[in-house]
Number of protein chains: 2
Amino acid sequence: MGNYISDAVIKRLPRYRRYLRNLEKSGVSRVSSKELGEMMDVTASQIRQDLNHFGGFGQQGYGYGVAELGNSLEQIMGLDKTYNIAFIGCGRLGQALIGYLNGNEPHYKIVALCDNRPELAGTEIAGIKVMDKEEFKVRMRKGDIDILALTAPARIADEVAGDLEGTGIRGVWNFGHTDITIKGVHVMNVHLSDSLHALTYYINHLD
Amino acid sequence: MGNYISDAVIKRLPRYRRYLRNLEKSGVSRVSSKELGEMMDVTASQIRQDLNHFGGFGQQGYGYGVAELGNSLEQIMGLDKTYNIAFIGCGRLGQALIGYLNGNEPHYKIVALCDNRPELAGTEIAGIKVMDKEEFKVRMRKGDIDILALTAPARIADEVAGDLEGTGIRGVWNFGHTDITIKGVHVMNVHLSDSLHALTYYINHLD
DNA sequence: ATATCCATGTTAAGAATATAACGAGTATTG
DNA sequence: CAATACTCGTTATATTCTTAACATGGATAT
């Protein structure tokens with residue numbers, strides 16, 4: 001541990017995990033890098049090379065245990081632990097993500113919500129009280145939030161993001177339309193519109 | 001035109017455009033690759049190299065015209081045209097995207113909606129009637145839809161995706177939790193949970 | 001008008017990433 | 001129980017992507 005592994009590799013890990021869990025659900029108990037590569041449309045070599053950054057999970061002549069490798073990948077990503085997550089912005093996008101996490105991601109626990117719209121402040125979403133900006137800033141200082149999801153207009157997100165220091169927040173899942181960078185915190189900028197624009201390029205350049 | 005340009009380059013174009021439009025809003029009319037690179041935290045060399053795939057947009061000793069380069073990038077991506085887009089899945093995520101597009105993306109026009117839940121079928125969202133699966137399949141055959149956004153459970157999405165041939169749909173913006181590939185159609189798989197999982201890896205490996 | 005500065009487009013070098021090759025060890029088959 | 005087929009981990013090669021270098025020509029200043 002501790003040694004650097006490239007972004008390209010890390011970004012592929014969730015996808016490997018997804019395919020393995022699907023195989024597991026289908027009752028498949030072993031898989032070779034060749035088989036998995038064909039399913040995922042990547043080379044067997046890449047799979048073996050990627051996994052090898054973290055250790056040897058397979059066996060010669062046999063392949064990989066589907067459940068075991070899935071577990072190992074979860075451990076590598078830290079999905080064997082549970083994370084407290086808070087949302088700034090409880091509009092439709094925020095609510096969509098909250099609903100998804102509650103239903104599908106048991107390792108993420110929603111512990112606090114913030115929205116500055118007067119009609120939302122004081123209401124509850126998924127059993128959690130929606131706080132206004134000031135109350136939320138106090139709540140952040142409690143120190144138990146691991147990840148902050150930003151699903152609010154950039155202005156509000158920027159303001160609150162300025163107050164992260166000393167809160168223990170380690171990650172930001174940013175859906176705002178500006179890139180943000182915060183010292184000591186890992187920011188994942190999602191940018192849905194960028195993906196639509198790239199898609200638009202491609203549909204104009206289909207062979 | 002017609003010559004291959006790598007994914008890595010294409011994925012960066014929307015971000016360049018975003019920064020340029022923001023500069024334009026701030027009243028900046030010219031920018032050098034060095035200045036832009038410092039803002040965006042990329043090398044000046046990469047910017048020049050990326051742009052050069054599409055032609056020469058700058059001037060020696062001067063730099064790039066902010067508005068002109070923004071326009072050129074939009075033209076490269078095809079954002080000078082307008083696209084008809086349809087949604088399968090009008091839950092919170094679908095509605096969030098519909099609202100965003102209507103308010104912020106004038107080049108995408110929402111022309112059809114589909115949701116199989118009985119309580120939604122027949123209602124209107126953003127002035128568009130929500131159709132059930134069968135009615136929507138007929139609607140697709142009209143041939144005027146450019147992009148299909150999949151914001152529904154994989155099962156339904158897969159079923160409808162099987163009927164794309166001959167509809168003229170060129171792109172799919174897929175928010176489902178399985179990868180899909182369709183012959184002759186460009187699919188942009190978004191996978192929000194993958195980004196959360198990668199973020200989780202990183203917060204466990206902050207220096 | 002002349003000289004200096006700037007910043008491009010482009011070519012060359014370097015770094016990172018992906019693919020192929022292969023030796024070693026396990027499972028399977030007859 | 002021997003022989004064959006598999007498939008891993010790993011090393012080597014090939015490819016792709018990024019960064020640096022530089023010559024050219026326009027902009028700016030005096």
Side-chain angles (χ1 to χ4, degrees), chain A residues 1 3-16 19-20 23 28-73 75-76 198 201-202 205, chain B residues 1 3-16 19-20 23 28-73 75-76 198 201-202 205:
Chain A
M1 285 274 172
N3 51 327
Y4 174 77
I5 292 161
S6 78
D7 279 10
V9 174
I10 302 306
K11 291 238 178 78
R12 285 193 288 265
L13 298 181
R15 186 157 180 258
Y16 291 141
Y19 276 80
L20 287 163
L23 280 175
V28 177
S29 65
R30 68 182 260 192
V31 70
S32 69
S33 58
K34 181 159 176 278
E35 292 165 339
L36 187 59
E38 278 163 8
M39 279 178 238
M40 299 185 63
D41 199 31
V42 299
T43 62
S45 225
Q46 179 161 78
I47 294 172
R48 292 205 300 277
Q49 182 113 229
D50 281 352
L51 295 178
N52 208 233
H53 286 109
F54 305 100
F57 305 105
Q59 197 165 25
Q60 290 162 328
Y62 177 85
Y64 299 90
V66 168
E68 290 82 348
L69 183 54
N71 290 342
S72 297
L73 283 168
Q75 194 175 8
I76 289 164
Y201 173 88
Y202 284 114
H205 294 80
Chain B
M1 282 280 170
N3 51 328
Y4 174 77
I5 292 160
S6 78
D7 279 11
V9 174
I10 303 305
K11 290 239 178 77
R12 286 193 287 267
L13 298 181
R15 186 159 180 257
Y16 291 142
Y19 276 81
L20 287 163
L23 281 175
V28 178
S29 66
R30 67 182 261 192
V31 69
S32 69
S33 58
K34 181 158 175 279
E35 292 165 338
L36 187 59
E38 279 163 6
M39 279 178 238
M40 298 184 63
D41 198 31
V42 299
T43 61
S45 225
Q46 180 161 78
I47 293 173
R48 292 205 300 279
Q49 183 106 308
D50 282 351
L51 295 178
N52 208 234
H53 286 109
F54 305 100
F57 305 105
Q59 198 164 26
Q60 290 163 329
Y62 177 85
Y64 299 90
V66 168
E68 289 83 347
L69 183 54
N71 291 342
S72 297
L73 284 168
Q75 194 176 6
I76 289 164
Y201 173 89
Y202 284 114
H205 295 80

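Bear in mind that the values here come from a model prediction, so they are computed numbers and not experimental data. Letters A, B, ... mirror the listed sequences (proteins, then strands); counts begin at 1.
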Handout entry: Given DNA chain D, 5'-ward residue of the pair B:D50 and B:R30, judged by closest heavy atom
Key = B:D50
Problem - Separation of C:dT19 P from A:I47 CD1 (nearest whole Å) - result: 11 Å
Practice task
Taking B:R12 for its side chain and B:Q46 for its backbone only, find out whether a donor-acceptor pair lies under 3.5 Å.
Solution key: no
Problem - DNA chain C-proximal residues of residues 56-65 of chain A, any heavy atom under 4.0 Å - result: A:Q59, A:Q60, A:G61
Practice task
Would you indicate, yes or no, if C:dA18 has its OP1 or OP2 atom less than 4.0 angstrom from a side-chain nitrogen or oxygen of A:R12?
Solution key: yes
Fill in the blank from the handout: Heavy atoms of A:L20 and A:V66 approach each other most closely as O-CG1, 3.2 Å
Completion exercise
Between NE2 of B:H53 and P of C:dT11 the distance, given in whole Å, is 12 Å
Handout entry: B:Q49, nearest nucleotide to its side chain (from C:dT11, D:dT7, C:dA7)
Key = C:dT11
Handout entry: Check: A:G63 main-chain N/O paired with A:R30 side-chain donor or acceptor under 3.5 Å
Key = no
Practice task
Specify the closest pair of heavy atoms between B:F57 and B:L51, including all atoms of both residues, with the distance to one decimal.
Solution key: CE1-O, 3.6 Å
Exercise for the section: Could you tell me whether the phosphate oxygens of D:dC8, OP1 or OP2, come under 4.0 Å of any side-chain nitrogen or oxygen in A:S33? Expected result: yes
Handout entry: Presence of B:S6 side-chain N/O under 4.0 Å of D:dT16 phosphate oxygens OP1/OP2
Key = no
Problem - Gap between atoms NZ and P, on B:K34 and D:dA20 respectively (whole Å) - result: 13 Å
Practice task
Determine whether A:E35 and A:Y64 make a side-chain contact, defined as any pair of heavy atoms from C-beta on separated by less than 4.5 Å.
Solution key: no
Handout entry: For B:I76 against A:Y201, the heavy-atom pair lying closest together
Key = O-CD1, 3.4 Å
Exercise for the section: Classify the side chain of B:S45 versus the base of D:dA20 as yes if they form a donor-acceptor pair under 3.5 Å and no if they do not. Expected result: yes
Practice task
To the nearest Å, give me how far apart CD (A:E35) and P (D:dT7) are.
Solution key: 6 Å
Practice task
Whole angstrom is fine here: how far is it from CD in A:Q46 over to P in D:dA12?
Solution key: 20 Å
Practice task
Report yes if at least one side-chain N or O of B:T43 is closer than 4.0 Å to OP1 or OP2 of D:dT18; otherwise report no.
Solution key: no
Practice task
Under the side-chain contact (heavy atoms from CB on, under 4.5 Å) rule, collect the residues that match up with B:A67, sequence neighbours excluded.
Solution key: B:E24
Fill in the blank from the handout: Whole-Å distance, B:K11 NZ to D:dT18 P, equals 11 Å
Exercise for the section: Check every atom of C:dA7, C:dG9, C:dA18 against the side chain of B:R48 and return the nucleotide holding the closest atom. Expected result: C:dG9
Problem - Rounded distance (Å) that lies between atom P of C:dA7 and atom CG of B:L36 - result: 13 Å
Exercise for the section: For B:L51 and C:dA7, give me the distance from atom CG to atom C1', rounded to whole Å. Expected result: 13 Å
